[in-house]
Each structure stands twice: as structure tokens, then as C-alpha cells.
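I have placed the structure first, in the form of C-alpha cells, so that the comments after it can refer back to it.
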Protein chains: 2
Amino acid sequence: MRMAELSRRTGVPVPTIKYYLREGLLLPGERTSPNQAIYDESHVRRLRMIRALAEVGGLSIAKVRDVLDAVDSPDEPFEVLGAVQRSIEPPVGATDGEHWAQARERVAKLLLERGWRAKIGSPPAQTLIAALASLYDVGREDLTDLLERYAPMAEKIAETDVERVTRGQGIEDTIEGVVIGTVIGETMFGALRRLAHQHVTAMTLGVVEEYDFGPGTAGGSGSHLE
Amino acid sequence: MRMAELSRRTGVPVPTIKYYLREGLLLPGERTSPNQAIYDESHVRRLRMIRALAEVGGLSIAKVRDVLDAVDSPDEPFEVLGAVQRSIEPPVGATDGEHWAQARERVAKLLLERGWRAKIGSPPAQTLIAALASLYDVGREDLTDLLERYAPMAEKIAETDVERVTRGQGIEDTIEGVVIGTVIGETMFGALRRLAHQHVTAMTLGVVEEYDFGPGTAGGSGSHLE
DNA sequence: GACTGGTAGATAGTGAAGCTATCCGCTATC
DNA sequence: GATAGCGGATAGCTTCACTATCTACCAGTC
């Protein structure tokens, strides 16, 4: 197929496809002459993957490229996981400050206690330290025990993910599964958690009447408080 | 204190504080004359909250404002949760397409089966539908059962969160806890999940040798791994 | 009481990100 | 051979989150 059909099949505008080609997210089509090229199913698939990672996963174009580069590399799944994690992790700001050392200590202790084979310097650990430090910063150390409460559940989820992704599939699919599981899975789980928040809060607070978390304003602009 | 000290105490540059004032994220200080004002601890606290939500939680400035508006409102915690969820949810793209109806059906069934008192039209449900639809789009419906696998775990986490946040505190702290628990908690849990991925993957694949998910290329700058 | 330096508020500028539009020479197809 | 579409290059646009500059003013110091 040519570019117009690729655009039609994926819903991505032609100029945007050209942009992705320029940025190296999408491999060029096969040349049929100096200024003509054809595309195939692999391009359709790749474009859908780009849109999924960017729109659903919320990754920047640069991060999508890094993640897809990792998928394309011939490395072992474990290496790919590392590359994906490095790619998707948001940059951590200051690695110091009043509470940083305290937070770092606490994360180090957690890794030790749970016997997790993960390094304190790895990207997710740095994110975790930053999040914990910010709890101290805003004066809510009472909430920091969420760390220890979350840890076993995160481990259970990770076991689910890994089991899910490694069972009976080729290496290609496993690696792609790692990427999708990490990125799309995070979006899914976050949304589920917020849905569960609605439910549990309603139960706990005994909300009985009609409630509606629908998409915002009933007939007004900006504010949704009357 | 005056603006220079507010800046020093929080590490936020003066022009940025002015920007936050303009954007309505920070309440103006108390006037002492037509062009002088003083700030207090509440401003320090608020600024730290802004930075936590923006940097750790990854929210845009507009979303931070919406979230803080919700915190400031005199509504019930349940209403605040709804407002926070509306504020933080990333906009969902197309609400149609080949697989949308299928995904929506599946989410509706899940809500029913688990007895969750949450609406299919609520922001997290829409996000969930979009994520599920993208799995179909990229041809990985084999991974869609993550939905049912994640659900009970999300519920357990939500119970933890709600229990944690409502126990023995004033209404103010509870509401702030809802916000922090939702936003910072998500960052924490995501990081923990990725850390657990490292661990579980290493275990499953029998990785024994030294491995290092450190920040990229060895011998570079930045690294605080030995 | 002049001087120095900080202050509020307004306006304008900056740089990155993610497209979008236009142009050019060429080509496939009717 | 007319015409619609193509690949590739370049330039422009919009949004976001600041950052810089300017003006009029004020507070403390010598």
C-alpha cells in the first residue's frame, strides 16, 4: 500500500506519518523508484503501536522512539525490560534536599527486606525516592507507610505480568508483551485503581444517593463547583 | 516573609512564583501597601504541594490548579475525589473505532461482576476502555485478560488507600490525603511495580550474573552507582 | 533625604514538543 | 499527455511552562 492507504487504515494523518518517518519512529517504506515507496502490514502495526504508546501510555515521541528501539534490538528480554524502564521513567528532579537521604535509606531498606534484586540506582528506585521525599516535603510523613503497604501488592502484580507475558509465545511476542505490559498495563492499572477508589469511597462513606463522576460541567464553563 | 524568602525556603525562583500567582495556583500574599505583600507558612506549604503534584505526579499546571481548587472547595471528600479524578485524568482520544464498543462492553461487565459502584461514563472508566481498545488495536487481545487479573488487586489497593487516609484525622487532612494518595500514590505504586518487574524477571529468567539498570551508559556523568 | 535594593504587576520573549502546511520535482494511471 | 498523488525538504503553528524586562513604588541605610 502507499501512504494514503496507510493513513486511512490507521487514522493517522499523512503529514503526521511523514513526521514519524523523519523522527525515526517508523521505518521507511520499500522503494519502488527514487521517489516512491510502498508500505505493508508491519507499518500499520508499528503505527498503531506508536499511537498506543503515545496516546494511551502518555509517552513523548522521543520516549516512544527509545522504547521501540529497545523492542527492535536483538537483546534478551531482561535487557529489553531495562531499556524500556530507562526510556519510560520520567526524569527525576533534584537528587538532594532535606529529605532525600531519608527517603533513599527507606527505599534501600525495603529492597533489602523484600529481597528484591533491584538496584537503588535504577530509574524506578529513583522515582520512588523522589515520591517518598515529596511526602516528607509536604509534611505528610504519616502517609509514607504506603510504601510498605504497596510493596507486596506490586510484587504480586509483577508476578502476574511476568507469568502472563512469558507463557508459551515466541521471543518476539514476549518482548512486545513486556513493552505493552509495562506501558499500557500501567495505564490500565491506574484507571482500575481510581475506579476502585470510587467504589470503596462510596461504600466507606455510605454514599447512597445518585452520584455521577461523569465528564464535568452540567451546563457551565470552567468551574464544576456551583 | 516576603517573596525572596518564600523563594529561598521552597527553592522555587521568584519569577516562577509570580507565574504561579498569575495562574491562580497560589493565593496572593496579604497586602501591606498597594505594592507590597507578605507571605506565610500556608504559602510555603502550598508551593511545596504545587511542586510535588507537578514534578512527582507529572501533572500540568492547569491540572494542578484544578486539583488544588478541588482541595480548597468546601465539598465532601467524595465530591473532592470526583473532582480530582476529573482533573488528573488524561483526555481520552477517539471514543469510537473498531474495538471501542467491544472494550466498553467488557469494562461494563467487569463493573457489574465486581459490584463496583462506579459509572461507565466516569473518567477512569473511559481511560480503561481506551487502554483495552488499544490492546485490541495492536492485535494483542491475548493480553486483555490483564483487566480481570488486575481488578481484584486494584480493589485491595483502593481499600488500603481509603483506610489509610480516613483514619483519625480532620476533614482537611483527609481531603489533602485523598489528593496526595491519588496522585503521589500512583507514582509510588508505578515505580514499585517496575522495581518488582526487575526482581521477578530476574528470578524467572534465572539471571544470576551482575546486572545493572542504572541510568544508561557506563562511565557517564550523573551516575551514583558504584 | 538621597541612595540602594527589593517588590508588585504587566507585558513580552524563550525554547521545547508535536504536529501542520507548503513547495518541488517526479511518477503512476487513465 | 493530463492530472492526481507521492516522497522529501523546509518552514510555520500552537501550546506549555517558564523567564526576562520594565515601570512605579516602597523600606531600610547612611
Side-chain angles (χ1 to χ4, degrees), chain A residues 1-40 43 46-47 49-68 87-88 90-91 93-94 222, chain B residues 1-40 43 46-68 87-88 90-91 93-94:
Chain A
M1 81 195 74
R2 301 203 310 205
M3 198 177 272
E5 193 181 344
L6 184 59
S7 169
R8 198 182 47 69
R9 291 261 320 263
T10 59
V12 179
V14 169
T16 303
I17 295 176
K18 288 185 175 184
Y19 168 66
Y20 291 158
L21 283 167
R22 280 201 303 280
E23 293 296 313
L25 275 73
L26 196 59
L27 292 173
E30 198 187 338
R31 284 291 144 64
T32 58
S33 74
N35 67 340
Q36 298 283 288
I38 52 167
Y39 305 90
D40 57 26
H43 292 91
R46 181 74 163 222
L47 260 178
M49 193 79 147
I50 292 169
R51 297 302 265 206
L53 294 176
E55 289 180 2
V56 179
L59 298 189
S60 69
I61 295 302
K63 284 179 181 177
V64 171
R65 179 179 46 230
D66 292 347
V67 167
L68 291 178
S87 300
I88 68 172
Chain B
M1 81 193 76
R2 302 208 308 212
M3 196 177 274
E5 192 181 345
L6 184 59
S7 169
R8 197 182 47 70
R9 291 262 317 266
T10 59
V12 178
V14 169
T16 303
I17 295 176
K18 287 185 174 186
Y19 167 67
Y20 292 157
L21 283 167
R22 280 200 303 281
E23 293 295 315
L25 277 73
L26 196 59
L27 292 173
E30 197 188 338
R31 285 290 145 64
T32 59
S33 74
N35 67 337
Q36 299 281 287
I38 53 167
Y39 305 90
D40 57 28
H43 293 90
R46 181 75 164 221
L47 261 179
R48 292 201 171 126
M49 194 80 150
I50 293 168
R51 297 301 265 204
L53 294 176
E55 291 180 1
V56 179
L59 299 189
S60 69
I61 294 302
K63 285 180 179 176
V64 170
R65 181 179 44 230
D66 292 347
V67 167
L68 292 178
S87 301
I88 68 172

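- Between dC18(D), dA11(D), dA8(C), one nucleotide has an atom nearer to the side chain of Arg22(A) than all others, and that is dA11(D).
- Considering only side-chain N and O atoms, Tyr19(A) lies nowhere under 4.0 angstrom from the phosphate OP1 or OP2 of dA11(D).
- Note on Arg2(A): only backbone sugar-phosphate atoms sit closer than 4.0 angstrom, heavy atoms only; bases stay farther off.
- When the P atom of dA8(C) is taken as reference, atom CG of Leu27(B) falls 15 Å away, rounded to whole Å.
- There is a side-chain donor-acceptor pair under 3.5 Å between Tyr20(A) and Arg51(A).
- No contact: Thr32(B) has no heavy atom under 4.0 Å from any strand.
- The residue among Gln36(B) and Ala54(A) whose nearest nucleotide of DNA chain C lies closer to the 5′ end is Gln36(B).
- A salt bridge links Arg8(A) with Glu5(A): at least one charged nitrogen is closer than 4.0 Å to a carboxylate oxygen.
- When rounded to the nearest whole Å, the span between CG of Leu25(A) and C1' of dG18(C) equals 11 Å.
- Among the heavy atoms of the strands, none lies under 4.0 Å from Pro28(B).
- In this structure, Met3(A) atom CE and dT20(C) atom P are separated by 15 Å, rounded to whole Å.
- A distance of 9.0 Å separates OG1 in Thr16(A) from CD1 in Ile61(A), rounded to the nearest 0.5 Å.
- Here dC18(D) is the nucleotide among dG25(C), dC18(D), dG18(C) with the atom lying nearest to any side-chain atom of Tyr20(B).
- Remark: P of dC18(D) and CD1 of Ile17(B) are 12 Å apart, rounded to the nearest angstrom.
- In this entry the distance linking CD1 of Ile50(A) with P of dG18(C) reads 13 Å, nearest Å.
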